[in-house]
There are 2 protein chains.
Amino acid sequence: MPPPQSRRKATQVDIARRAGVSQATVSLVISGGAVSDQIAESTRQAVLAAAAELGYSVNVAARSLKGGRNRLLGLYTFEPVFPTDQRDFYYPFLLAVEEETARQGYDLLLFSSVNASADRSIYASGANRLKLADGCVLLGRNVRREELAALMREDFPFVFIGRREVDEGELSYVAVDYVTATSAMVAELSRLGHERILYLRAMEDTEPTRDREEGYRRGLDEAGIPFDESLVQGLADPAGLSVERLQHWIGSLGVTAVLIEPTEDDRLVQALAVMDDTARVRFPDDCSVALLGDPPSWTSDLRDWTRFSLPRTQMAREAVRMLIDLLGEVSPAPRQLSIPCSFVPGDSIGPVPSGGAQPDQASRPDQASRRRREP
Amino acid sequence: MPPPQSRRKATQVDIARRAGVSQATVSLVISGGAVSDQIAESTRQAVLAAAAELGYSVNVAARSLKGGRNRLLGLYTFEPVFPTDQRDFYYPFLLAVEEETARQGYDLLLFSSVNASADRSIYASGANRLKLADGCVLLGRNVRREELAALMREDFPFVFIGRREVDEGELSYVAVDYVTATSAMVAELSRLGHERILYLRAMEDTEPTRDREEGYRRGLDEAGIPFDESLVQGLADPAGLSVERLQHWIGSLGVTAVLIEPTEDDRLVQALAVMDDTARVRFPDDCSVALLGDPPSWTSDLRDWTRFSLPRTQMAREAVRMLIDLLGEVSPAPRQLSIPCSFVPGDSIGPVPSGGAQPDQASRPDQASRRRREP
DNA sequence: AACCAGATCTAATACGTATTAGAGGAGGAC
DNA sequence: GTCCTCCTCTAATACGTATTAGATCTGGTT
């Protein structure tokens, strides 16, 4: 057995010495795929043998230093990704980003200033930590616009998962086509005879919400249903969706169908499920319900809501691919990609309930009596 | 608007030029924590300002090539972490590693050659990719010993989550004390009167399994129960745990309690649950059952098995802390830390069934008749 | 005036690799 | 013999940083 070598790892210089060639030759043999066929076979064998004997392995740092790239992609989330209550929502993105990154031969750098909420900033400590990576995939609902703008100013390559707008100009994103999906949902309801369709939107004015609202209006328009401002309701808190409120809408507004924008946690959908289970409001018997997105916590015993479903895996993959594409260009222009949602028929929409089609007072006592029906 | 800068990232040389100092000074200001107080405050400010203006961030590869530190910790898993069927098992580790890493002011580098199973090697393509990180946390059941050995040979700092042994010598790990936990479980069963306790172990000869077996023997020993080789059964495939097999053990071996090593997916525990639900074998009425670890997929409607529970969060945190400690030392000695499991009483063990205590033939026809009881 | 002692900064170098221009030799054509 | 081509290899350099020995300056002491 040879005496334990010095702790130092073998380098190409060591191999070169042992094989009686130059370091450059070693480099050509080891990693020069295309150029290495101009090396004589005997030399090649000698080098490979020496490399094997010395247990050589390439020094990644040196290689990427030379190349200017680290082969690292960053994943930055504007919201904590790991907490349990949002885990089902973000997990598919994570999974797919990680997979595709690996498939492309990159490693994934996970940025997370999890705890100190104030620290959750790209520009913590003055230095831009993101820049450790060659480029970055961004994720999260509550974006800090200034940070995005700063990234753009510095020409740092990044791709957002989800459509985002910034005053500074265009940025690259892979989004989901909420507009088309929502308007298709309205069309579907219209086909079933619904005309009083309530849109229950999130309070914050983010792009996903804006897009849904646009889809809602477009859908009404194409179905020839007039837009009624009172049928767009904001919901600040999932707890705000009470049986009473829903019954009020059904009763006094004549609503027969509700489009709901699901939140990232599962309370909203849970609330709906409870109403249905306890038969205080039944879907679709009393009212049709469709979700404008996936219910976040999907377990097999959950109700099969009518909804459209985000192709999260595909979105994440496309984002990674787009990012790597951008990295390859000298002066890349921002790109936008929009992916269609898939429609899930489910069982929570149906024809207009017989007594509830007319938006007049007649239906109100009916609903009021039903309210007492609980045990 | 300034003309679009060249795509090149700013370097310390750029900063130096702009601030009118040397590159060395920049390096001292940027990363020389201890030595940087010999720099005049005015110079320091000028450098920092220039760095901010240029959007500088350090080049990891260069720093690591030079031998410096990156404040990056790697997380390497020997098995795919993200696949859904193992997600509940590994998720807590991931979560805690990520949290603690962030808390310590490090970033997390996720290594994963997810798909190509053959590629799932630290030494893929000859390059030791891990080395971009200052140190690494390793995770996973089916370790490649050669790779561990290679890491040790190269003095790369790492900490394994879980006890691991390698011929080459000691390595650092944070483990869970399966021996004590298992022997305590045996003691508990013995206290309830059980003497014929079956140990259903995994087929592979990994450390966790070995430790459980040792705990099993020690527990028997301390309870004064003789060891019976036929009461240790290997289970290659979760599907191998059939009702018939279990009834055979109860009937002809006189088994009254079973210790089960849960697999990383949830099929084994599912199988048990089904037996119990369909009343073909009821726990603990027909036989006591205790799990030597957590059932992997824990949902609220799952049965509350008697078991012990791994402190996964704590393990992961300790691993990160240990790793950072190791990084601080010049020539660190391997460290081992063992953390106790917590006992979860559950409801799947009970006293010895009245008719099944004697391991003689009398019980066999009784069991055989029960076997027909299904609808 | 000569010397010294900080204080502050810089020049030079090493790290391991990839790349490129070109060196050196062999062989053939004229 | 001269020129040319092809083949194989090497010298030299750049990549961006950390580190260290020493340079330069400032102000004070003898």
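To find a chain, count down the sequence lines: A is the first, B the second, and so on, and within it residues start at 1.
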Can you measure A:L65 atom CG to C:dA14 atom P for me and round it to whole angstrom units?
16 Å
When we call it a touch if two heavy atoms are under 4.0 Å apart, what does B:V21 touch: a base, just sugar-phosphate, or nothing?
sugar-phosphate
Round to a whole Å and report the spacing from CD of A:Q12 to P of C:dC15.
14 Å
N or O in side chain of B:R63 less than 4.0 angstrom from D:dG16 OP1/OP2:
no
For B:S42 and A:T25, take the nucleotide of DNA chain C holding the closest heavy atom to each; which residue's nucleotide lies nearer the 5' end?
B:S42
Can you check the B:L28 CG to C:dC9 C1' distance for me, whole Å?
9 Å
Quick one: does any side-chain atom of A:S172 pair with a main-chain N or O of A:P334 as donor and acceptor, under 3.5 Å?
no
Straight-line distance of B:I161 CD1 to B:L138 CG, nearest 0.5 Å
9.0 Å
Any side-chain N or O of B:T11 below 4.0 angstrom from OP1/OP2 of D:dG16?
no
Spacing between A:Y56 atom OH and C:dA18 atom C1', to the nearest angstrom:
11 Å
Check: A:Y106/A:E100 side-chain N/O donor and acceptor closer than 3.5 Å:
no
To the nearest Å, give me how far apart CD (A:E41) and P (D:dC9) are.
10 Å
A:Q336 and its side-chain contact (heavy atoms from CB on, under 4.5 Å) partner, picked from A:E170, A:R163, A:M322, A:R164
A:E170
D:dT19, D:dC9, C:dT19: which one has an atom nearest the side-chain heavy atoms of B:A24?
D:dT19
If I take atom CD1 in residue B:I39 and atom P in nucleotide D:dA18, what distance separates them, rounded to the nearest angstrom?
13 Å
Round to the nearest Å and state the distance from A:N59 atom CG to D:dT17 atom C1'.
14 Å
B:I30 CD1 to D:dA18 C1', in whole Å, measures 13 Å
Closest nucleotide of DNA chain C for B:A62 versus for B:S22: which of these residues is on the 5' side?
B:S22
Got a donor-acceptor pair under 3.5 Å from the side chain of B:Q23 to the base of D:dA18?
yes
Under 3.5 Å: donor-acceptor pair, side chain of A:T101, backbone of A:V97:
yes
